[in-house]
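To find a chain, count down the sequence lines: A is the first, B the second, and so on, and within it residues start at 1. Quick note: numbers below take in every heavy atom, side chains included, and nothing from hydrogens, waters or symmetry partners.
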Amino acid sequence: MRERRSTARQMPGYNQDRRLVMMLLAPGLVVTLGLVFLPLGLAIYDSFFATSTLTGNGPFVGLDNYARLFSGGAFLPALGRSVVWALSNVLGQAFLGLAFALLLHERFRGRTWARGLVMVPYFAPIVVIALIWRFLLNPTYGFLSALEGAPVVLGHPSTALWMIIAVNVWRHIPFMMVLLLAQMQPIPVELYEAARIDGCGYWRSFRYITLPFLLPALAVAVTVRLIWSFGEFDLPYLMAYGGPLESTTTIPILIRSLTFDSLDMGMASAAGTMLAGLLAIIYGLYLWLRAKYEPEQQ
Amino acid sequence: MRKAELSTAKAGRYALVIAVAFFMVGPVLVMLSSSFKPDTETYDPPPTLLPDDPTWSNYIALGNRTEMSLYMRNSAMSAGFATAITLPLAAGIAYATVRCRGHAPKLIPFAEHAGLAAYMVAPILLATPLARILHRFGLIDTLTGLTLVYVAQFLPFALWVLRPYVLGAPVVLEEAALVDGATRFQAIYKVVLPQMVPGLIVTGVFVFNAAWSEYLFASVLLRSGDKLTITAGVSNLMSQGAVPSWGLLMAAGVVLAAPVVVASMALQRHLTTGAGTGAVKG
């Protein structure tokens, strides 16, 4: 290693190239540090102050905001909803994404078309997804109103969160499907032929050939989706604004309402810091899985 | 006998594929169809799949009664500039991290880790602190401020999509140019950049779509009615207290979704072939 570096240093134009590398990296690093990590640091910093949203200032209060988070109130229920939200989302997406990938992997006429059409919900903006489903689920005019009894699903505290989970799963099936299809492409066909000759049916071939090929990518994808699901704000907010009766208030929705309704930026920052901590743990798991399964990506 | 069994299985598979495709596209088609229905028809149950009497009235009302064209212009501006700034930054970083590892053995891994971590940060954590930072620089409630935030947000995503293209490009041509006496800069400009063009087009389209579709930052960092982007504008129409005109909302949804869905569909082959299975967070 040391050897190679010293020969690189003797190459003509080494210093010039080094300057070029700095020039290529610097702007992106500045933007990322200034507009992602600086605000993240500010949020953590604010969590130790009784910061008001209106003034952006407040006295130092130590861990008071955290103590208030955990002494009753809205935080723990929101955390519970976030866990339900993230786990159900990820499980639903992985399961249905796998089913879709299996269905659309085999050759048949119109496969390209089918794969393309299935992508549509994933390409549409979240605002539009929320709009469509608020219309479809509307008990008076929506298409569900044609059903007997016209169930009120988004307006009822016991069903609203599950309904939004279903919509979010629906939207993200294509993401998982594309990822798994890419993994299925290089599986040698000979393996399946050999398995068939040995008398394996569809399920045994799936269990002993397809699944082992997919598991590493599936594990990595599931952790990424877990991180992004915990942070998901747009769809639950636009479909129900946290209601009815806070039944869809996950941590990101709570952060918004603490910031803009209670004007309590200190508390909002403490809730955000807790979320960031949780995400950091899952991120650690993600890095570990990635190093284990995708060393060439490093 | 066997042949009959085979064709039943085939028919079953086709039925399943059609059902799945309808499950995914059906709701979007309902929006499209409802945008051509007058409200009297939408509000008259039971709902129908196709309009009895198709009309452009919702689109005309959208143009006359809302600021939709202004919102579209704002979105096109912020997404366009964000793409124009993000692409060269991403191209430079992708090149440096793939081809010049030996020249900055500490900085490159640092940059890669920072980029990956930034990709995972939940946007909701950044919204209010970013509002304060932009306020400090006089950029709150400006499209310039929003554009800069988009550059930071979508740079990791752009890198994720672009990197496989750089990894896949042959090194030989570039080395030949260097051996023939070209400077590194000339080699990049004359040899590497032309090879990156397809990747840059795909990445550019997906970054533009992500910025066009972005909702959270647009709704927090913009205030004035004349600055709103299309997502913030449409979400305002959705949350207005009075009974909304569903026809108008559906037309707004079609206008918001159409450009990105059409562009993404045109390029989706590049997602399925495995290059850049990246995603916009969320």
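Ring geometry for A:F123 against B:F206 counts as tilted: the plane angle lies between 30° and 60°, on a 0 to 90° scale. Using bins of under 30°, 30° to 60° and over 60° for the plane-to-plane angle, the ring pair A:Y241/A:Y237 lands in the perpendicular bin.
Contact of A:F108 with chain B is made through backbone and side chain together, with heavy-atom distances under 4.5 Å. Of the atoms belonging to A:L40, heavy atoms from both backbone and side chain fall under 4.5 Å from chain B. With a threshold of 4.5 angstrom between heavy atoms, A:R109 approaches chain B through its backbone and through its side chain. With a 4.5 Å cut-off on non-hydrogen atoms, A:L35 touches chain B through its backbone and its side chain both. Residue A:F135 touches chain B through both its backbone and its side chain, counting heavy-atom pairs closer than 4.5 Å. Interface residue A:M265: only side-chain heavy atoms are found under 4.5 Å from chain B. Within the 4.5 angstrom heavy-atom criterion, only side-chain atoms of A:L275, from C-beta onward, approach chain B. With a threshold of 4.5 angstrom between heavy atoms, B:T86 does not approach chain A through any atom at all. Interface residue B:V30: only side-chain heavy atoms are found under 4.5 Å from chain A. Heavy atoms of A:W133 lying under 4.5 Å from chain B belong exclusively to its side chain. Using a 4.5 Å cut-off between heavy atoms, A:I255 contacts chain B through its side chain alone, with no backbone atom that close. Heavy atoms closer than 4.5 Å to chain B are found in both the backbone and the side chain of A:A130. If you measure heavy-atom distances from A:F260 to chain B, the contacts under 4.5 Å come from the side chain alone. Residue A:L279 touches chain B through its side chain alone, counting heavy-atom pairs closer than 4.5 Å.
Interface check for chain A: of the options B:L107, B:V234, B:N209, the most heavy-atom pairs under 4.5 Å are formed by B:L107. Chain B forms the most heavy-atom pairs under 4.5 Å with one residue out of A:T32, A:L38, A:V128, A:L33, and that residue is A:V128. Residue with the most contacts toward chain A among B:L134, B:V261, B:L178: B:V261 (heavy-atom pairs, distance under 4.5 Å). In terms of non-hydrogen atom pairs under 4.5 Å with chain A, the most contact-rich of B:V25, B:V220, B:I108, B:L216 is B:L216. The residue among A:V21, A:I173, A:L25 with the most heavy atom pairs within less than 4.5 Å of chain B is A:L25. The candidate from A:T53, A:L103, A:L117 with the greatest count of non-hydrogen atom pairs under 4.5 Å with chain B is A:L103. For the set A:L20, A:T112, A:L238, the entry with the most heavy-atom pairs within less than 4.5 Å of chain B is A:L238. When A:F233, A:F230, A:W113 are compared by the number of non-hydrogen pairs under 4.5 Å with chain B, A:F233 comes out ahead. Chain A forms more heavy-atom pairs under 4.5 Å with one residue of B:L16, B:I85, B:V254, B:T183 than with any other, namely B:L16. Counting heavy-atom pairs closer than 4.5 Å to chain B, the top-ranked of the candidates A:I129, A:L235, A:V120 is A:V120. Looking only at heavy-atom pairs under 4.5 Å with chain A, the residue among B:I230, B:L116, B:V20 that has the most is B:L116. For the set B:V260, B:T128, B:L89, B:L155, the count of heavy-atom pairs under 4.5 angstrom toward chain A peaks at B:T128.
Side chain of B:S213 to backbone of B:A210: no donor-acceptor contact under 3.5 angstrom is found. Side-chain atoms of B:Y95 never come within 3.5 Å of backbone atoms of B:V166 as a donor-acceptor pair (strictly under, hydrogens ignored). Judged by distance alone, with hydrogens and angles left aside, the side-chain atoms of A:S82 form a donor-acceptor pair with the main-chain N or O of A:I251 at under 3.5 Å. Of the possible polar contacts, one joining the B:D39 side chain to the B:G247 backbone as a donor-acceptor pair under 3.5 Å is found. A donor-acceptor pair under 3.5 Å links the side-chain atoms of A:T223 to the main chain of A:V220, judged by distance alone.
Between A:W170 and A:Y122, the gap from one ring centroid to the other reaches at least 6.0 Å. Ring to ring, B:F217 and B:Y150 are not that close: their centroids are 6.0 angstrom or more apart.
Taking a cutoff of 4.0 Å between a charged side-chain nitrogen and a carboxylate oxygen, A:E106 and A:R111 do not qualify as a salt bridge.
A 6.0 Å sphere centred on OH of B:Y14 holds more than 12 heavy atoms belonging to other residues, nucleotides or ligands.
Taking both residues in full, the closest heavy atoms of A:L179 and A:A217 are given as CD2-O, 4.0 Å, listed atom of the first, atom of the second, then distance. The shortest non-hydrogen separation linking B:A94 to B:L159 is N-CD2, 3.7 Å. Here the closest heavy-atom approach between residue A:P39 and residue B:L130 is recorded as CG-CD2, 3.8 Å.
Looking at heavy atoms from C-beta onward, B:F110 lies in side-chain contact with A:L29 at the 4.5 angstrom threshold.
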